[in-house]
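In the text below, chain A, chain B and the rest are named by the order of the sequence lines, each starting its count at 1.
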Amino acid sequence: MTETDPMLPTEQGKPDPNDSAIEDLVACPTCDALYRLPNIPIGSRARCLRCHTVLTAPREGAMTRIAMLAGTSAILMIAAVFFPFLELTAAGMVQRSSVLDVVLVFADGPFVGLAVAVAALIVVLPLARFLSLIYVLAPMGLGWRPAPYAIAVFRMAERIRPWSMAEIFIVGVAVALIKVAGLASLSLGPAFWAFVALVLITAVKDNFMCRLTIWKTLEHRSQ
Amino acid sequence: MQIDDMENAGTPQPIITARAAGLVACPNCGRVHRHPAPARCARCGLALDPGPDKSLQRVLAWLVAGMIVYVPANIYPMLITNTFGHSSESTILEGVVELLQHGSYGVALIVFVASIIIPVIKFAAIGFLALSVRRQSILPPPARHKLYEIVEFIGRWSMIDVFVVAILAALVQLDFAATINPGIAAISFALSVAFTMLSAQSFDPKAIWAERDAAAS
């Protein structure tokens, strides 16, 4: 990790807001502290001094990599939805369940809302996020102009983030395994491992993501 | 500015906020705008600044909604189990006790923390943060900011129990031998988690620092 001081203070030692280079100014999205961040070298990371929010962390070729990882996650998600993820044997009967079954079991009856919510949290929203990241970042990685509505789509992808709960679902599977252990014998299916892989890839992908760089690139290329 | 590796951590540098500098900053992408600011951020299109009072009202409204639906989530059954014609219902807490009786202490702890400890701490923490915006607080801003980050990070994990119920209900449909169905508490608990997440998201962390900023300028 390189070491630089991106803060180029003006004579007063503070960023001068009347300077024409308002584009170089960045306010910490969390606490509003103002910084002058012209060009942060690739591979380094800048944090807010008082609330330690990461302001920017550009990485080489990050956009292409994020788009590719999002593509991988989307494919894994399709596998995770349709393949069985748990297999249960009890009293001579075998039951295989896919994620789709989890959702469909509530589809009739008073728990439709719950079914919709579960489907949204573990499948629809994560998938929507992967697809919108590909839509926004693939043209960026290739050096093209942003796709139509890329800015709105990326803002939506960011909003969805806390609501995509694939990793929480995995812990839920683990707890469920132990809860029925006394009732029946359970084994994990291929979809479970697809889910685990998907969660790990998502974690790596989010680690590459520098929001400030993406926003700035979108803004510049839109003009 | 601080570059990682903490070389110059702790060096007192004067911090000036965008607001103090007479600028309007976008809380989403950090873009700053001169007064008069446009209605939407020039870079990311976010609607700028609904005003601190409005955001605080939203926080409290979602918080109260979350607390209200948390009550039935604990009273009514979460799981309805039928084994060989014998039906039993269990609430969240009874589910934890069952796990303890099976000897699964680790899992019991996970469910207890996710379903009871985290929601209760979240209610208290969000309430405390929202109320401390208006008055002198015992906790300094950095500590309150840490608390806010923890609440934001941890809130989603309460959903574990809802997923467990969904998985069990999908999996255990073995006709006469055993069936598991969700109880009404599953819905109210899911709503409670969603409402408190919305509450935490409505909170503007700038408010934590605003009092210090006002004192400085």
| Considering only heavy atoms from C-beta outward, does the side chain of B:M197 approach that of A:P162 to under 4.5 Å? | yes

| message | For a quick test of reading the model, state the closest non-hydrogen atom pair linking B:I167 to A:A176 and the distance between them. | response | CG2-CB, 3.8 Å

| remark: Okay, B:A190 and chain A: the region with an atom under 4.5 Å from a heavy atom over there is side chain

| Region of A:L121 that comes under 4.5 Å of a non-hydrogen atom in chain B | side chain

| task | Could you look at A:A117 and say if it's the side chain, the backbone, both or neither that has a heavy atom under 4.5 Å from chain B? | result | neither

| query | In terms of heavy-atom proximity below 4.5 Å to chain A, should B:L46 be classed as side chain, backbone, both, or neither? | reply | both

| note | Checked B:P205, B:C44, B:G45 vs chain A; the most non-hydrogen pairs under 4.5 Å come from B:C44

| Pairwise side-chain contact, A:C51 with B:H145, heavy-atom cut-off 4.5 Å (strictly under) | yes

| Do B:R156 side-chain atoms and A:W163 backbone N/O form a donor-acceptor pair below 3.5 Å? | no

| request: Take A:V171 and B:V164 through the test side-chain contact (heavy atoms from CB on, under 4.5 Å) and record every step on the way to the result. | output: CA-CA 9 Å; A:V171 179; B:V164 172; over 6 Å; no

| Atom group of B:A194 that falls short of 4.5 Å from chain A, counting heavy atoms | both

| Under 4.5 Å from a heavy atom of chain A, the part of B:E98 involved | neither

| message | Between B:F163 and A:I170, is there a side-chain heavy-atom distance shorter than 4.5 Å? | response | no

| query | How long is the span from the CG atom in B:L23 to the CG atom in A:L25, to the nearest 0.5 Å? | reply | 7.0 Å

| said: Contact between B:I208 and A:T30 at the side-chain level, heavy atoms closer than 4.5 Å - yes or no? | reply: no

| remark: Applying a strict 4.5 Å limit to non-hydrogen atoms, the region of A:V173 in contact with chain B is both

| query | Measuring heavy-atom distances to chain B, does A:S98 have an atom under 4.5 Å in its side chain, in its backbone, in both, or in neither? | reply | neither

Considering only distance and modelled atom types, tabulate donor-acceptor pairs under 3.5 Å from the side chains of residues 79-86 of chain A, sequence neighbours left out.
none

| Looking at A:I151, A:I168, A:I122, A:T53, which one has more heavy-atom pairs under 4.5 Å with chain B than the rest? | A:I168

| request: Measure across B:I160 and A:G172 and return the closest heavy-atom pair with its distance rounded to 0.1 Å. | output: CG2-CA, 4.2 Å

| said: On a heavy-atom basis, which atom in B:C29 and which in A:L212 lie closest, and how many Å separate them? | reply: O-CD1, 3.5 Å

| said: Is B:V32 in contact with chain A via its backbone, its side chain, both, or neither, using a 4.5 Å heavy-atom distance? | reply: both

| request: Write out, in numerical order, the residues from residues 213-221 of chain A with a heavy atom short of 4.5 Å from a heavy atom in chain B. | output: A:W215, A:K216, A:E219

| task | With rounding to the nearest 0.5 Å, note down the distance linking OG in B:S188 to CG in A:L114. | result | 10.0 Å

| task | With a 4.5 angstrom heavy-atom cut-off, could you sort out which part of B:E149 is near chain A: side chain, backbone, both or neither? | result | side chain

| message | I need the minimum non-hydrogen distance between B:A25 and A:D32, along with the two atoms involved. | response | CB-OD1, 3.4 Å

| Does the side chain of A:K179 reach to within under 4.5 Å of the side chain of B:L79, using non-hydrogen atoms? | yes

| request: Under 4.5 Å, counting heavy-atom pairs only, tell me which of A:E167, A:R211, A:E158 racks up the most with chain B. | output: A:E167

